[in-house]
Amino acid sequence: MITEQEENKGEIITEVTPLSECDFLYVVDRTKDNLSFPVHRHSEFEINFVENCEGARRIVGDSVEIVGDFDLTIVGHGVEHGWEQYECKSNHIREITIQFPVDIFGNEMLRRTQMQPVKELLENAAKGVAYPVGSIMKVYHHLEEMMNAKSSFHQMMKLIEILHTMAIDPNGRLLSSTKHAGTQTTVSNTRLRKAQEYIAAHYKEEVRLPFLAEMAGMSPSSFSRFFKLRTGRSLSDYVIGIRLDAASRELVSTTTPIADICFSSGFNNVSNFNRIFKKNKGYTPKEFREIYKRNKFLV
């Protein structure tokens with residue numbers, strides 16, 4: 001919730017959050033008919049969970065992605081972020097936002113062995129961290145318990161549990177290629193964002209390196225190096241990740257045959273799809289769907 005807004009010299013809004021110096025955290029659970037929250041930044045950490053948001057667009061630093069029915073991220077250290085309606089058709093979007101101060105634990109607590117995963121997560125929040133559907137399942141019931149907590153103290157305890165669950169999950173994915181990307185509005189950021197937007201819109205088709213390189217005004221070899229340097233992944237691995245996320249969403253939200261999901265997600269071979277899915281998710285598509293149905297948000 002924005003209580004005061006100040007426009008910077010650019011277009012990014014600085015949010016003054018409702019947190020006071022005496023607060024451990026601020027929590028809000030709301031249902032919206034659209035996502036119109038402007039891209040903004042604030043010094044506090046923020047966990048954001050969005051439900052019924054398929055087709056919405058998430059912006060974190062220089063990362064632009066189309067999200068599925070569920071989205072879970074953590075951001076911090078002033079990185080800009082926002083969610084746009086884009087192609088989302090839902091008018092019943094649930095959003096849970098948890099904000100907490102940067103000094104929530106203090107250096108003494110964070111240097112303890114048991115807190116190392118959480119410390120690393122909070123450091124990575126400078127680039128934003130997002131989670132796939134399977135990981136969101138592990139956090140969902142903690143969020144529900146936080147919303148139903150009888151006191152702010154119990155909410156505080158649930159926050160620690162949520163942070164730890166997110167911290168030890170190996171599937172958390174860094175989003176922005178640079179920290180404080182909003183303060184580095186460069187030609188490189190624009191090139192990367194255009195490429196990511198194109199991939200998000202055309203991942204079901206063949207995504208060709210020469211085309212993206214030409215769009216960026218670079219040679220294919222230069223663009224390939226540039227893309228891997230900025231995202232941490234090769235172009236092919238990045239596209240596969242987008243396709244796997246799309247397939248995962250369809251596996252848990254529909255009864256569409258797996259072969260059909262394979263092709264609608266941009267893969268052109270079912271056996272190859274099964275192999276890649278298991279390598280990345282730890283389960284075959286069939287196992288992934290069965291586990292989701294068996295545990296549906298009760299993990």
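Quick note: residue numbers are just sequence positions, from 1. What's counted below: heavy atoms across the whole structure, side chains too, no hydrogens, waters or symmetry copies. This is a predicted model, so every value here is computed, not measured.
- In summary, the side chains of Glu46 and Gln99 do present a donor paired with an acceptor at a separation below 3.5 Å, with no hydrogens or angles considered.
- Neither Val67 nor Ile242 shares a network with the other; the hydrophobic side chains, linked directly or stepwise wherever heavy atoms of I, L, V, M, F, W or Y lie under 4.5 Å apart, form separate groups for each.
- In this structure, a donor-acceptor pair under 3.5 Å is present between the side chains of Glu250 and Ser264.
- Relative ring orientation between His42 and His40 is described as tilted, the plane-to-plane angle lying within the 30° to 60° band.
- In the hydrophobic clustering of this structure, Leu110 groups with Val129; members are Ile, Leu, Val, Met, Phe, Trp, Tyr whose side-chain heavy atoms approach within less than 4.5 Å, directly or through other members.
- Under the 30°/60° scheme for interplanar angles, the aromatic rings of Phe223 and Phe226 are found to be tilted.
- Judged by distance alone, the side chains of His202 and Glu205 do bring a donor and an acceptor atom under 3.5 Å apart.
- Between the side chains of Trp83 and Asn48, no donor-acceptor pair of N or O atoms lies under 3.5 Å.
- With salt bridges taken as basic N to acidic carboxylate O contacts below 4.0 Å, none links Glu197 and Lys194.
- With Ser90 contributing its side chain and Asn52 its backbone, the two residues share a donor-acceptor pair below 3.5 Å.
- Taking each heavy atom of Phe105 and Val118 in turn, the nearest pair found is CE1-CG1, 4.1 Å.
- Below 30°, between 30° and 60°, or above 60°: for Tyr238 and Phe227 the angle between ring planes is above 60°, a perpendicular geometry.
- Using a 4.5 Å cut-off between side-chain heavy atoms of Ile, Leu, Val, Met, Phe, Trp and Tyr, with links allowed through other members, Ile93 and Ile98 fall into different hydrophobic clusters.
- Between Lys281 and Asp245 a salt bridge is recorded (basic side-chain N to carboxylate O distance below 4.0 Å).
- Between Phe100 and Leu159, the closest side-chain pair of non-hydrogen atoms falls below 4.5 Å.
- Comment: Arg94 engages Glu144 in a salt bridge, judged by a side-chain N to carboxylate O separation of less than 4.0 angstrom.
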Item to check | Steps toward side-chain hydrogen bond (donor to acceptor under 3.5 Å, both in side chains) verdict (Asp169, Ser135) | outcome: CA-CA 7 Å; Asp169 192 300; Ser135 300; 2.8 Å; yes
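- Defined by atom type and a distance below 3.5 Å, a donor-acceptor pair is missing between the side-chain atoms of Ser224 and Ser221.
- In this structure, Glu287 and Thr284 approach most closely via the heavy-atom pair OE1-N, 3.0 Å.
- Electrostatic pairing of Arg173 and Glu65 counts as a salt bridge here, judged by a charged N lying under 4.0 Å from a carboxylate O.
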